[in-house]
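First the structure, in the form of structure tokens, and then the observations on it.
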Protein chains: 2
Amino acid sequence: MKLSDGVEAAIHCAAVLAQLNGEATLPGSALAELHGLSPSYLLKHLQALTAAKILESIPGPNGGYRLAKAPERISLLDIVLAVEGHQPAFRCGEIRQRGPGALEAEAYVKPCGIKVAMLKAERAWRAVLAETKLSQIVSGYEADADPRAVAFNCAFIARHQRPQGETSLKKSK
Amino acid sequence: MKLSDGVEAAIHCAAVLAQLNGEATLPGSALAELHGLSPSYLLKHLQALTAAKILESIPGPNGGYRLAKAPERISLLDIVLAVEGHQPAFRCGEIRQRGPGALEAEAYVKPCGIKVAMLKAERAWRAVLAETKLSQIVSGYEADADPRAVAFNCAFIARHQRPQGETSLKKSK
DNA sequence: ATATCCAGGATAGAGAATATCCACGATAGG
DNA sequence: CCTATCGTGGATATTCTCTATCCTGGATAT
Ligand code: FES
Ligand code: FES
């Protein structure tokens with residue numbers, strides 16, 4: 001069992017976007033550069049997050065990505081499901097109705113107890129992820145990470161974010 | 001994210017073996033036939049369970065598999081870990097120390113908050129699986145499944161199990 | 001001695017995840 | 001209008017893991 005690598009990148013990106021000012025956006029290429037990732041591949045995950053209404057995208061020059069809602073309303077579960085898909089990790093192949101001794105399909109209305117137990121465990125996993133909001137991740141990061149790393153991130157964001165206030169705004173040198 | 005298919009087979013097999021009398025064993029080929037699976041492949045998973053001390057195997061004619069301990073002492077987590085391996089599903093690639101702005105390795109002694117949150121969720125999943133014992137699965141099965149299926153399984157087991165009492169025992173008919 | 005069974009390594013094949021690339025539509029700025 | 005920038009989405013190549021099978025060797029009851 002393995003979660004796809006994109007999950008780590010997606011959460012980190014979302015955490016960065018949560019630190020933008022107001023309606024500003026950050027281009028996908030900046031996100032890729034900041035994390036040392038290939039832009040082409042990261043964009044795929046950002047698209048998935050956009051499709052899931054977690055991010056918003058603004059096309060055109062001066063465009064980019066930003067959160068679609070407040071960080072308090074975005075859970076890790078939202079992000080994981082957007083990237084990984086909504087299928088449960090345990091997939092019951094109805095092994096019980098194979099082999100000799102198989103009955104008609106009507107005999108299997110009650111779900112297999114093993115399936116029930118596995119999905120219950122998965123619900124517990126999802127519940128913890130659903131409780132963890134992006135806002136907690138961000139404040140945890142600002143409190144625990146090396147101050148130099150935090151400062152660099154801030155500067156990087158300030159340097160690449162796009163103010164997005166309807167029209168122009170002079171770029172200071 | 002996907003759990004390997006072998007997990008479903010392994011748990012079902014363990015549940016069947018839990019229904020054996022005393023020290024009797026059941027050959028892997030019978031287990032495969034009962035579930036309509038390829039013997040060659042199922043054996044791989046049974047070997048993993050044996051290596052994890054969940055099953056015991058007896059070589060030679062009249063040999064086979066049986067549980068290595070009481071069903072109350074075997075949890076679903078034991079089986080899942082034996083088949084899937086012990087690595088967590090979320091693997092942190094330390095994405096935070098890539099890209100520009102990376103610091104020396106000593107600056108990253110504190111684990112990344114995202115990693116901590118993901119592993120915490122995984123612990124919750126494992127905790128539920130650890131609480132669910134094989135004995136509960138078996139009694140749930142006997143209570144909920146179609147009586148005809150239960151009867152067939154019983155008969156199948158009675159037909160293929162190997163008594164294992166030190167030496168011979170005449171095969172009736 | 002022989003037949004049955006498990007252990008474990010070697011090896012294809014299938015399918016998913018990873019990683020790129022490009023043509024397209026949208027938009028801000030000149 | 002024209003152009004440069006940026007996201008969208010499809011097509012594609014590559015890499016890995018999971019799936020599935022086979023075969024040699026060791027153990028053991030008859
Ligand atoms: S039949 Fe799928 S878990 Fe039992
Ligand atoms: S660096 Fe791996 S989860 Fe943050």
Side-chain angles (χ1 to χ4, degrees), chain A residues 1-10 13 17 25-33 36-52 55-66 68 83-85 87 89 91 93 160-171, chain B residues 1-10 13 25-33 36-52 55-66 68 83-85 87 89 91 93 95 160-171:
Chain A
M1 175 181 50
K2 186 167 143 321
L3 241 55
S4 98
D5 291 337
V7 172
E8 183 180 4
C13 285
L17 291 178
T25 66
L26 202 60
S29 55
L31 246 7
E33 184 193 340
L37 299 172
S38 136
S40 334
Y41 187 43
L42 182 60
L43 284 186
K44 281 280 176 283
H45 296 311
L46 295 178
Q47 280 174 34
L49 294 178
T50 307
L55 301 186
E56 265 176 0
S57 65
I58 311 292
N62 205 31
Y65 290 96
R66 69 178 166 217
V83 173
E84 283 282 327
Q87 284 192 312
R91 318 215 175 136
H160 289 88
Q161 75 178 343
R162 310 287 231 279
Q164 213 59 221
E166 47 261 43
T167 25
S168 61
L169 182 58
K170 287 293 156 47
K171 190 187 302 178
Chain B
M1 176 181 48
K2 187 166 142 322
L3 241 54
S4 100
D5 290 337
V7 172
E8 183 180 4
C13 285
T25 66
L26 202 60
S29 56
L31 246 8
E33 184 194 339
L37 298 173
S38 136
S40 333
Y41 187 44
L42 181 61
L43 283 186
K44 282 280 176 280
H45 297 309
L46 295 178
Q47 281 175 33
L49 294 178
T50 306
L55 301 187
E56 265 176 0
S57 65
I58 311 291
N62 204 32
Y65 291 96
R66 70 178 164 217
V83 174
E84 285 281 328
Q87 283 194 314
R91 301 168 195 181
I95 222 182
H160 290 89
Q161 75 178 343
R162 308 289 180 63
Q164 213 62 218
E166 46 262 41
T167 26
S168 63
L169 183 59
K170 286 293 156 47
K171 192 186 298 176

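Residue numbers start from 1 in every chain, and the chains themselves are labelled A, B, ... in the order their sequence lines are given, proteins ahead of strands.
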Send over the distance from [X] [atom1] to [N] [atom2], rounded to a whole Å.
X	N	atom1	atom2	value
A:Tyr65	C:dA26	OH	C1'	13 Å
A:Leu49	D:dG7	CG	C1'	14 Å
A:Asn62	D:dT5	CG	P	13 Å
B:Leu43	C:dT4	CG	C1'	13 Å

Report, as a single string ordered 5' to 3', how protein heavy atoms within less than 4.0 Å touch nucleotides 19-28 of chain D: B base, S sugar-phosphate only, - not at all.
-> SBB-----BB

Spell out, as yes or no, whether a donor-acceptor pair under 3.5 Å connects the side chain of B:Arg162 to the backbone of B:Thr25.
->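 No; judged by distance alone, with no hydrogens or angles, the pair does not exist.
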
Using the side-chain contact (heavy atoms from CB on, under 4.5 Å) rule, pick out the option among A:Leu26, A:Leu43, A:Ile58 that qualifies with A:Tyr65.
->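 The option that passes is A:Leu43.
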
So, does the side chain of A:Gln47 form a donor-acceptor pair with the base of D:dG7 at under 3.5 Å?
->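 In this structure, the two groups form no donor-acceptor pair.
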
Closest non-hydrogen atom pair, [X] against [Y]:
X	Y	result
B:Ala10	B:Leu49	CB-CD1, 4.0 Å
A:Gly93	B:Glu8	N-OE1, 2.7 Å
A:Leu42	A:Ala9	CD1-CB, 4.1 Å
B:Ala68	B:Glu56	CB-CG, 3.9 Å
B:Val83	B:Gly6	CG1-C, 4.1 Å
B:Pro39	B:Ala32	CA-CB, 3.7 Å

Identify, with sequence neighbours excluded, every residue that meets side chain to side chain donor-acceptor pair (under 3.5 Å) alongside B:Glu33.
->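 None.
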
Could you say whether A:Met1 or A:Ser29 is positioned toward the 5' end of DNA chain D, judged by the nucleotide with the nearest heavy atom to each?
->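 Mapping each residue to its closest nucleotide by heavy atoms, the 5'-most match is A:Ser29.
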
Axis-to-axis angle between the two ends of the helix from C:dA1-D:dT30 to C:dG30-D:dC1 (five base pairs per end, rounded to 10 degrees) |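 Overall, the helix from C:dA1-D:dT30 to C:dG30-D:dC1 bends by 10° from one end axis to the other.
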
Is B:Arg162 near enough to C:dT4 that one of its side-chain N or O atoms lies under 4.0 angstrom from OP1 or OP2?
->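 No, B:Arg162 has no side-chain N/O under 4.0 Å of OP1/OP2 on C:dT4.
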
Ignoring backbone atoms, establish whether B:Ser57 has a side-chain N or O less than 4.0 Å from OP1 or OP2 of C:dC5.
->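 No, because none of the side-chain N or O atoms of B:Ser57 sits under 4.0 Å from OP1 or OP2 of C:dC5.
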
